[in-house]
Amino acid sequence: FPYTTLFRSYGISDMSDPIFEKFAWILHSGLTLCWLHVGEPGFKGAVKNLQSKWLKLRHRQSSAPRFDVALHDEEFGPEVDELWQRSALTHFSAVERDAAYLNWKYRRHPLHRYEWVAARERNALRGILITRYDPTTSVLVDYCGPADDLPLLAELVAGAVRRLVERGTIRVQCETTLVPLLQVLMQQGFRATHYHSRFRVRSHLAGDQRQMERWLVMPGDSDGDMITNTTRIGR
């Protein structure tokens, strides 16, 4: 990973953005905010719910499940370290998502409770998706796994969303730069908004702009969860 030559800034304010641009920080336009509407109230809400259902039905696939998907509410262990070691090089740039980092970031968070959905194949951990349940707006917060395994991402997202919906959430939010994950979100009924978080990059790596779609950026890469914020623009 290009830690020594790559700098990122996620969630830049209106006042700060022109300063970053002046100093040649590149705007990454691929960070996309998506919403799945499942229990919105009122007439307009019902329309949004139907739109999400229709989008999911359009992409419905009948293939048999490949993974054993289960919900966890415990510390991350050595198998997550092994998973990240196998997955890291499939991402052009990402925060190191080993067990120590994920436990610090999510299991020991001072304000929120996070759970994680794990996908296993022949008892081997293949990927995890970290979620935060909220009665109003739940979030798909973070992902650890290979960048380009669409069946894996599809089963993780479907499993995570199903559990959040069963608990009664009104909507589910996710924001990411990872193109395969965005593809899966659309297949699961999520709608992309016109709102894009400001995400700028300063890098001296040759050709890195062509690799931007392989970046892994998720809501957990921001400090936004230090305060409860469920009124994002574009919902």
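What you see below is based on every heavy atom in this structure, not just the backbone, and it leaves out hydrogens, waters and symmetry mates. In this text, all values refer to a predicted model and were calculated from it rather than measured experimentally.
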> So how far is it from His112 NE2 to Tyr106 OH, rounded to the nearest 0.5 Å?
Replying inline: 12.0 Å
>> For residues 145-154, which residue pairs pass the salt bridge (charged side-chain N to carboxylate O under 4.0 Å, His left out) check, not counting sequence neighbours?
In response: Arg66-Asp149
>> Less than 4.5 Å apart, side chain to side chain, heavy atoms only: is that true for Leu125 and Glu82?
In response: no
> Which heavy atom in Ala192 sits nearest to a heavy atom in Cys34, and how many Å separate them?
Replying inline: CA-SG, 4.2 Å
> Okay, side chain of Asn103, backbone of Phe76: is any donor-acceptor separation there less than 3.5 Å?
Replying inline: yes
> Where the side chain of Thr169 meets the backbone of Asp134, is there a donor-acceptor pair that is under 3.5 Å apart?
Replying inline: yes
> Does a side-chain heavy-atom distance below 4.5 Å link His37 with Arg191?
Replying inline: yes
> Taking it one step at a time, do Glu75 and Arg108 satisfy side chain to side chain contact (heavy atoms under 4.5 Å, CB included)?
Replying inline: CA-CA 9 Å; Glu75 297 277 294; Arg108 299 177 192 130; 2.7 Å; yes
> Quick check: does any side chain N or O of Trp116 sit under 3.5 Å from a backbone N or O of Glu74, one acting as donor and the other as acceptor?
Replying inline: yes
> Can you check whether Leu31's main-chain N or O pairs, donor with acceptor, with Thr177's side chain at less than 3.5 Å?
Replying inline: no
> Distance-only, no hydrogens or angles: does the Ser52 side chain make a donor-acceptor pair with backbone N or O of Gly189 under 3.5 Å?
Replying inline: yes
> Considering the options Val184, Val161, Leu182, which one meets the side-chain contact (heavy atoms from CB on, under 4.5 Å) requirement together with Phe190?
Replying inline: Val161
> Distance from Cys174 atom SG to Leu129 atom CG, nearest 0.5 Å?
Replying inline: 7.0 Å
> Yes or no on side chain to side chain contact (heavy atoms under 4.5 Å, CB included) for Val38 and Leu164, after CA distance, side-chain angles and deciding distance?
Replying inline: CA-CA 10 Å; Val38 293; Leu164 293 171; over 6 Å; no
> Are the ring centres of Tyr101 and Trp84 closer than 6.0 Å?
Replying inline: no
>> Same cluster or not: Val139 versus Ile170, using hydrophobic residues (I, L, V, M, F, W, Y) connected whenever any side-chain heavy atoms lie under 4.5 Å apart?
In response: no
> Closest approach of Leu150 and Pro180, non-hydrogen atoms and distance?
Replying inline: CD2-O, 3.6 Å
> So among Ile128, Leu140, Leu156, which one has a side-chain contact (heavy atoms from CB on, under 4.5 Å) with Val117?
Replying inline: Leu156
> For the residue pair Gly77 and Ala99, what are the closest heavy atoms and their distance?
Replying inline: O-CB, 3.5 Å
>> Are there over 12 heavy-atom neighbours, none belonging to Arg122, within less than 6.0 Å of that residue's CZ?
In response: no
> Are any of the side-chain heavy atoms of Leu83 and Cys144 separated by less than 4.5 Å?
Replying inline: yes
>> Nearest 0.5 Å, please: how far is CD in Glu155 from CG in Asp68?
In response: 9.5 Å
> What are the two closest non-hydrogen atoms of Thr90 and Gly145, and how far apart are they?
Replying inline: OG1-O, 4.4 Å
> In terms of hydrophobic clusters joined by side-chain contacts under 4.5 Å, are Val47 and Trp35 together?
Replying inline: no
> Do NZ/NE/NH1/NH2 and the carboxylate oxygens of Arg126 and Glu121 come within less than 4.0 Å?
Replying inline: yes
> Given Met218 and Glu175, is the side chain to side chain contact (heavy atoms under 4.5 Å, CB included) satisfied, shown in steps?
Replying inline: CA-CA 6 Å; Met218 296 283 290; Glu175 188 173 33; over 6 Å; no
> Between Tyr133 and Thr131, is a side chain to side chain contact (heavy atoms under 4.5 Å, CB included) present by the stated rule, with each step listed?
Replying inline: CA-CA 6 Å; Tyr133 168 76; Thr131 66; over 6 Å; no
> When clusters are formed by joining ILVMFWY residues with side-chain heavy atoms under 4.5 Å apart, either directly or through shared neighbours, do Leu55 and Val172 land in the same one?
Replying inline: no
>> If you compare all heavy atoms of Leu102 against all heavy atoms of Arg97, which two are closest, and at what distance to 0.1 Å?
In response: CD1-O, 3.8 Å
> Which residue pairs pass the salt bridge (charged side-chain N to carboxylate O under 4.0 Å, His left out) test when at least one of the two sits in residues 158-169, sequence neighbours left out?
Replying inline: Glu115-Arg167
> Should Arg107 and Asp73 count as an ion pair when the cut-off is N to O under 4.0 Å?
Replying inline: yes
> Would a distance-only check, ignoring hydrogens and angles, find a side-chain to backbone donor-acceptor pair under 3.5 Å from Glu40 to Lys48?
Replying inline: no
> Short question: side chain of His91, backbone of Ala94 - any donor-acceptor pair under 3.5 Å?
Replying inline: no
> CG of Leu178 to CG of Leu153: how many Å apart, nearest 0.5 Å?
Replying inline: 6.5 Å
> When rounded to the nearest 0.5 angstrom, what is the spacing between CG in Asp142 and CD1 in Ile130?
Replying inline: 4.5 Å
> Say you draw a straight line from CG of Leu185 to NZ of Lys56; how long is it, rounded to the nearest 0.5 Å?
Replying inline: 12.0 Å
